[in-house]
> 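What follows is a single structure, and I will ask about it in a moment.
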Amino acid sequence: MRIVHPEFVPDASLSREDMESLQREIAEAAVFEDDLSVDPAAVCGDDAAATDDEQTSLADVDASGDADGEDSEDDADAPADSPLVAGVDQSFVDDHAVSAVVLLRGGEVVERAYAVEPVEIPYVPGLLSFREGTAILSAFDLLSRDPDIALLDGSGRIHFREAGIATHIGVTLDLPTVGVAKSLLCGTPRESLDRKLPQGARVAIEADADVETAEPGTHIGDAVQTRQFENSDRYVNPLIVSPGHRVSADTASDVALACASGYKLPEPTRLADKYADDVKADVRENL
DNA sequence: GCGACAG
DNA sequence: ATCTTGTCGC
């Protein structure tokens with residue numbers, strides 16, 4: 001898909017100082033309120049408007065792609081009107097980042113693409129998008145159509161400068177995005193997360209002194225329990241969900257929960273994670 | 001100097 | 001993220 005804001009494209013050659021100032025600009029351009037073209041409740045297929053046919057595609061998806069793999073399948077027919085949801089995740093092979101994007105419509109995978117780009121800088125908390133952003137944008141460029149919304153691994157607004165990877169990519173592409181992280185980068189939960197939360201529960205995360213661009217107390221995201229053990233003493237840790245761009249904190253969590261399918265990770269992100277991992281084998285050779 | 005932080 | 005055995009639970 002097309003880059004709407006070239007000035008925000010992540011540049012790993014920038015100084016840490018310039019990266020941070022760019023993030024402040026991105027945060028100001030970001031919209032942390034709903035501006036979606038779709039109904040959050042219908043994002044991941046069957047719901048109230050439950051359709052009909054269901055088939056967990058397994059042998060319909062193939063593979064292709066090289067230093068910039070791609071492969072599109074136009075079969076799966078889910079409600080043609082339901083939103084196109086993208087799941088994005090990265091894996092690494094030597095000094096290269098593999099970004100995988102999976103497109104779902106009504107719960108069915110309709111297209112996948114992945115891109116491989118050399119990693120330029122090490123991982124630095126708060127600057128993740130400058131390390132993985134190039135690969136992500138390359139993968140998005142291979143898609144044959146534009147998603148209505150995308151779920152990315154990592155934070156969005158829950159970030160020191162409210163410009164996590166989901167926000168950076170969302171603003172650059174002017175695409176509604178949701179950040180889905182497995183742990184909290186910053187901010188303070190309104191309630192302790194050290195206890196077993198029931199399935200579907202959400203605990204607000206508010207800005208604290210670590211979030212330098214927001215007034216303390218601002219609702220910047222939620223800890224969301226997308227999955228939980230029922231008859232056990234053990235428990236699953238909640239996911240940390242936050243707005244990337246053009247979605248509110250509540251809607252971001254609604255989307256994550258609507259895409260929950262029995263696993264901790266929402267289906268889009270879960271499938272992208274698996275795809276990114278599967279692709280690693282093929283990528284190792286073409287290097 | 002100490003603390004501290006997505007993937 | 002990545003490297004890996006065993007273990008728990010449905």
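Proteins come first, then strands; the chains are lettered A, B, ... in the order of their sequence lines, and each starts at number 1. From a predicted model like this one, the values you see are computed outputs, not experimental measurements.
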> Between A:Asp89 and A:Thr269, does any side-chain donor sit less than 3.5 Å from a side-chain acceptor?
no
> Check every strand shown and say whether A:Arg157 touches a base, only sugar-phosphate, or nothing at a heavy-atom separation below 4.0 Å.
nothing
> Hey, is A:Glu108 close enough to A:Arg105 for a salt bridge, meaning N to O under 4.0 Å?
no
> Dot-bracket for DNA chain B, please. Rules: Watson-Crick or G-U, both distances under 3.5 Å, ( ) within the strand, [ ] when a pair crosses earlier ones, | for another strand, . otherwise.
.......
> Who are the side chain to side chain donor-acceptor pair (under 3.5 Å) partners of A:Glu191, not counting sequence neighbours?
none
> By the rule that ILVMFWY residues connect when side-chain heavy atoms come within less than 4.5 angstrom, directly or transitively, which residues belong alongside A:Leu22?
A:Phe8, A:Leu14, A:Met19, A:Ile26, A:Ile121, A:Val124, A:Leu127, A:Phe130, A:Val171
> Just list the side-chain donor-acceptor pairs under 3.5 Å for residues 208-216 of chain A, sequence neighbours left out, or say none.
| unit_1 | atom_1 | unit_2 | atom_2 | d |
| --- | --- | --- | --- | --- |
| A:Asp208 | OD1 | A:Asp210 | N | 2.8 |
| A:Asp208 | OD2 | A:Thr188 | OG1 | 2.9 |
| A:Glu212 | OE2 | A:Arg24 | NH2 | 2.7 |
| A:Thr213 | OG1 | A:Glu162 | OE1 | 2.7 |
| A:Glu215 | OE1 | A:Thr218 | OG1 | 3.3 |

> Please give me the minimum heavy-atom distance between A:Val102 and A:Ala272, naming the atom from each residue.
CG2-CA, 3.7 Å
> Sequence neighbours excluded and cut-off under 3.5 Å, please list the side-chain donor-acceptor pairs for residues 147-154 of chain A, or say none.
| unit_1 | atom_1 | unit_2 | atom_2 | d |
| --- | --- | --- | --- | --- |
| A:Asp148 | OD2 | A:Leu84 | N | 2.6 |
| A:Asp153 | OD1 | A:Gln90 | NE2 | 3.2 |

> For A:Lys280 and C:dA1, is the shortest distance between a side-chain N/O and OP1 or OP2 below 4.0 Å?
no
> Not counting sequence neighbours, which residues clear side chain to side chain donor-acceptor pair (under 3.5 Å) with A:Asp273? List them please.
none
> Can you give me the N/O atom pairs linking the protein to nucleotides 5-10 of chain C at distances under 3.5 Å, or say none if there are none?
| unit_1 | atom_1 | unit_2 | atom_2 | d |
| --- | --- | --- | --- | --- |
| C:dC10 | OP1 | A:Asn231 | O | 2.6 |

> Can you name the residues that form a side chain to side chain contact (heavy atoms under 4.5 Å, CB included) with A:Lys196, not counting sequence neighbours?
A:Gln228, A:Phe229, A:Tyr235
> In dot-bracket, 5' to 3', how would DNA chain C read with Watson-Crick or G-U wobble pairs under 3.5 Å, [ ] for crossing ones and | for pairs to another strand?
..........
> Could you state the atom-to-atom distance from CG of A:Asp277 to C1' of C:dT4 in whole Å?
14 Å
> Between P on C:dA1 and CG on A:Leu152, what's the gap in Å once rounded to a whole number?
14 Å
> Does A:Arg112 make a cation-pi contact with A:Tyr275 (under 6.0 Å, within 45 degrees of the axis)?
yes
> Distances for protein N/O vs nucleotides 5-7 of chain B N/O pairs under 3.5 angstrom?
| unit_1 | atom_1 | unit_2 | atom_2 | d |
| --- | --- | --- | --- | --- |
| B:dC5 | O4' | A:Leu185 | O | 3.2 |
| B:dA6 | OP2 | A:Tyr123 | OH | 2.7 |
| B:dA6 | N7 | A:Gly126 | N | 3.1 |
| B:dA6 | N6 | A:Gly126 | N | 3.4 |
| B:dA6 | N6 | A:Gly126 | O | 3.1 |
| B:dA6 | N6 | A:Leu127 | N | 3.2 |
| B:dA6 | N6 | A:Leu128 | N | 3.1 |
| B:dA6 | N1 | A:Ile165 | N | 3.2 |
| B:dA6 | N3 | A:Ser155 | N | 3.0 |
| B:dG7 | OP1 | A:Lys182 | N | 2.7 |
| B:dG7 | OP2 | A:Ser183 | OG | 3.4 |
| B:dG7 | O3' | A:Asp153 | OD2 | 2.8 |

> Could you work out the complete set of other residues in the hydrophobic cluster of A:Phe160, with links drawn between I, L, V, M, F, W and Y side chains under 4.5 Å apart?
A:Leu185
> Does A:Asp39 have any side chain to side chain contact (heavy atoms under 4.5 Å, CB included) partners at least two apart in sequence or in another chain, and if so, which?
A:Ala41, A:Ala42
> Please check if any side-chain donor atom of A:Asp277 sits under 3.5 Å from a side-chain acceptor atom of A:Ser91, or the reverse.
no
